[in-house]
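Note sheet for the following structure.
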2 protein chains.
Amino acid sequence: MSPRTQKQFEEIREEKRALIMDVALDHFANAGYHAATINHIARHAGISKGLMYNYFDSKEALLEAIMKRSVMEVYEYFDLNKDGYLSEDEFDFFIRKISAVLRNKRSFWRLFFQLVLQNEVREKFSVLSSNPLIKMEFFTGEEKFLLDISGVITDYFMRKRETRGPDYDPILDMNMFLITLKGYAITRIYIDDDEDDEKTINRIIELFK
Amino acid sequence: MSPRTQKQFEEIREEKRALIMDVALDHFANAGYHAATINHIARHAGISKGLMYNYFDSKEALLEAIMKRSVMEVYEYFDLNKDGYLSEDEFDFFIRKISAVLRNKRSFWRLFFQLVLQNEVREKFSVLSSNPLIKMEFFTGEEKFLLDISGVITDYFMRKRETRGPDYDPILDMNMFLITLKGYAITRIYIDDDEDDEKTINRIIELFK
DNA sequence: TATTTTTGACCAACCGTTCAACCATAAAGA
DNA sequence: TCTTTATGGTTGAACGGTTGGTCAAAAATA
């Protein structure tokens, strides 16, 4: 018989797990995964080194948990399973959502880009992405998680062909869109306070709507 | 007295130094600087670990030497000290040069983006860059090296104002150009064989000429 | 033989990880 | 109300392994 109820324990555990993951994400992003140390994370989370291993099996498992949580947060934010269809009216909203998710989760994106830039980490942790930011495949053991907005985007640009003339090249337009999106992402990851951000966002919408 | 002439020694030393740096650059880019090991580099360069320290004082010094060499190569490739002026006619050539320098030195760019994504490495090795790809400041001890094409680009877009109408916003146009350039760079670093590359390049030139 | 290159065993430091021992809590028993 | 007790939280010393770096000795060269 447990002195505390099962639920109490789980709530406390979940809170502490979240705290550790928050601290670790920042440290991973700042120092890089390999240079980051369990000691540093434990100290900044206000717990002992040993306790880290009560919550996460290993440093690698901690990274996996962080990545999975972040991908799920982005996934839920975009709510792609709802319809998976991007209308022209929703396009503004879509771009603004991307802008917001980049701003709000900068540490994650910093870490994400670092990981996908490294071949060996990419293989080890299965953070596969031939098209980062657009397609994120991530699986740990049995579970598999996939965030893929490439289908939605492809669909959107193919439909544009109907309203544009025969000279319209949907593939080229989409590639330019993806390039712009990634360039915007990298820029936004570095520079946080950009007073021209609204202008830039509007221009991107104007160019690809 | 030295059995070989001073010059002979220096030539051999320079060659071996270059070999080590080539191997190290690939390994740093693939595994990440911190995960990369001196042992691995020595083995793949066909020398012993101890000899590494005959050529470079430390792992950090090796990274600095690699970064400095790469920045100098890019610098010489662009030949910016020649005029520092980018005319409209040269714009095509300029974009194609960027494309080529991204393709030819992919390992360096992979490493570069990894480093500038990490705050602590950025501080430690002074690879400063508020605008990566556009401005690279790098100094080691006394020496200082700077690659900055931002001035040339700013100048180019300010001049565009004269031929465009009063509605033309040079700052916005330049920001979009930089975003596009960085997005193109990130894309090109990941994907090496893109049959649509020529189309993309032409479109970028068309958009910002 | 004089000089430089090259080696690999060696070292201290640090890393991720483990574990036996304590601590805190709250229900159960007196 | 106070003590007991069971349970999971928490600690930090300790461990094995790896790393960057050193150095005395050997090999290579002209």
Side-chain angles (χ1 to χ4, degrees), chain A residues 1-21 23-25 27-28 30-66 118 120-121 124-125 140, chain B residues 1-21 23-25 27-28 30-67 115 118 120-121 124-125 140:
Chain A
M1 285 254 262
S2 162
R4 288 189 196 171
T5 65
Q6 198 76 12
K7 204 181 169 188
Q8 274 179 315
F9 274 127
E10 277 177 17
E11 272 175 16
I12 293 169
R13 271 192 79 83
E14 233 19 75
E15 267 178 39
K16 192 143 277 184
R17 263 181 74 95
L19 171 66
I20 294 170
M21 284 161 80
V23 172
L25 173 54
H27 189 39
F28 283 161
N30 278 334
Y33 171 72
H34 286 106
T37 70
I38 297 290
N39 246 321
H40 183 281
I41 296 165
R43 209 180 319 122
H44 282 76
I47 61 172
S48 71
K49 183 160 63 161
L51 191 54
M52 290 286 296
Y53 289 86
N54 190 320
Y55 289 96
F56 298 95
D57 288 343
S58 64
K59 188 184 180 185
E60 191 174 325
L62 173 58
L63 175 65
E64 284 192 1
I66 288 169
Q118 294 175 13
E120 296 177 19
V121 176
K124 202 171 182 184
F125 296 101
T140 73
Chain B
M1 283 259 262
S2 151
R4 290 187 195 172
T5 65
Q6 198 77 11
K7 202 181 171 189
Q8 275 179 315
F9 274 126
E10 277 178 18
E11 273 174 16
I12 292 168
R13 271 193 78 81
E14 233 20 73
E15 270 178 39
K16 191 144 277 185
R17 263 181 74 94
L19 171 67
I20 294 171
M21 285 162 80
V23 172
L25 174 55
H27 189 40
F28 283 161
N30 279 333
Y33 171 71
H34 287 106
T37 69
I38 297 288
N39 247 320
H40 183 282
I41 296 165
R43 209 179 322 121
H44 282 76
I47 62 170
S48 71
K49 182 162 64 162
L51 192 53
M52 290 286 296
Y53 289 87
N54 190 322
Y55 289 96
F56 299 94
D57 289 342
S58 65
K59 190 185 178 184
E60 193 175 322
L62 174 57
L63 176 65
E64 284 192 2
I66 289 169
M67 292 300 290
L115 291 179
Q118 295 175 12
E120 296 179 17
V121 176
K124 203 171 181 183
F125 295 102
T140 74

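As a basis for the values below, the full set of heavy atoms in this structure was taken, side chains included, without hydrogen atoms, waters or symmetry mates. Labels below follow one simple rule: chain letters A, B, ... track the order of the sequence lines, proteins then strands, and each chain is numbered from 1.
- Rounded to whole Å, the distance from CG on A/Asp57 to P on C/dT18 is 8 Å.
- In this structure, CD1 of A/Ile41 is placed 14 Å from C1' of C/dT17, rounded to the nearest angstrom.
- A/Leu51 is linked by a side chain to side chain contact (heavy atoms under 4.5 Å, CB included) to A/Ile47, A/Ser48, A/Asn54, A/Tyr55, counting only residues two or more places apart in sequence or in another chain.
- At D/dT22, none of the side-chain N or O atoms of B/Tyr53 fall inside 4.0 Å of OP1 or OP2 (strictly under the cut-off).
- For B/Arg13, counting side-chain heavy atoms from C-beta on, the closest listed nucleotide (C/dT5, D/dT22, C/dT18) is C/dT5.
- If you take CZ of B/Phe28 and C1' of D/dG20, they are 11 Å apart, rounded to a whole angstrom.
- Heavy-atom minimum distance, B/Leu62 versus B/Ile41: CD2-CD1, 4.2 Å.
- In plain terms, the two heavy atoms of B/Arg17 and B/Ala65 that are nearest each other are NH2-CB, 4.1 Å.
- Nearest to the side-chain atoms of B/Ser58 among the listed nucleotides D/dG21, D/dT10, C/dT6 stands D/dG21.
- Here the P atom of nucleotide C/dC14 and the CD1 atom of A/Ile38 are 17 Å apart, to the nearest Å.
- The salt bridge (Lys or Arg N to Asp or Glu O under 4.0 Å) check on A/Arg43 picks up nothing, with sequence neighbours excluded.
- Summarising the geometry of A/His34 relative to A/Lys59, their closest heavy-atom pair is O-NZ, 3.5 Å, with the distance given to 0.1 Å.
- Between A/Met21 and A/Phe28, the closest side-chain pair of non-hydrogen atoms is not below 4.5 Å.
- Backbone-only contact: A/Ala36 has heavy atoms under 4.0 Å from sugar-phosphate atoms and none from a base.
- When all heavy atoms of A/Thr37 and A/His27 are compared, the closest pair comes out as N-NE2, 3.4 Å.
- The shortest distance between the side-chain N/O atoms of B/Lys16 and the OP1/OP2 oxygens of C/dT6 is below 4.0 Å.
- When rounded to the nearest whole Å, the span between NZ of B/Lys59 and C1' of D/dT18 equals 12 Å.
- Between the P atom of D/dG8 and the OH atom of A/Tyr55 lies a distance of 13 Å, rounded to the nearest Å.
- Atom pair B/Arg43:CZ and C/dT6:P shows a separation of 19 Å (rounding to whole Å applied).
- Rounding to whole angstrom units, CG of residue A/Asn39 and P of D/dC15 are separated by 17 Å.
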Any protein N or O atoms within reach of nucleotides 7-13 of chain C? Criterion: under 3.5 Å, listing atom names and distances.
{"residue": "C/dT7", "atom": "OP2", "partner": "B/Ser48", "partner atom": "N", "Å": "2.8"}
{"residue": "C/dT7", "atom": "OP2", "partner": "B/Ser48", "partner atom": "OG", "Å": "3.2"}

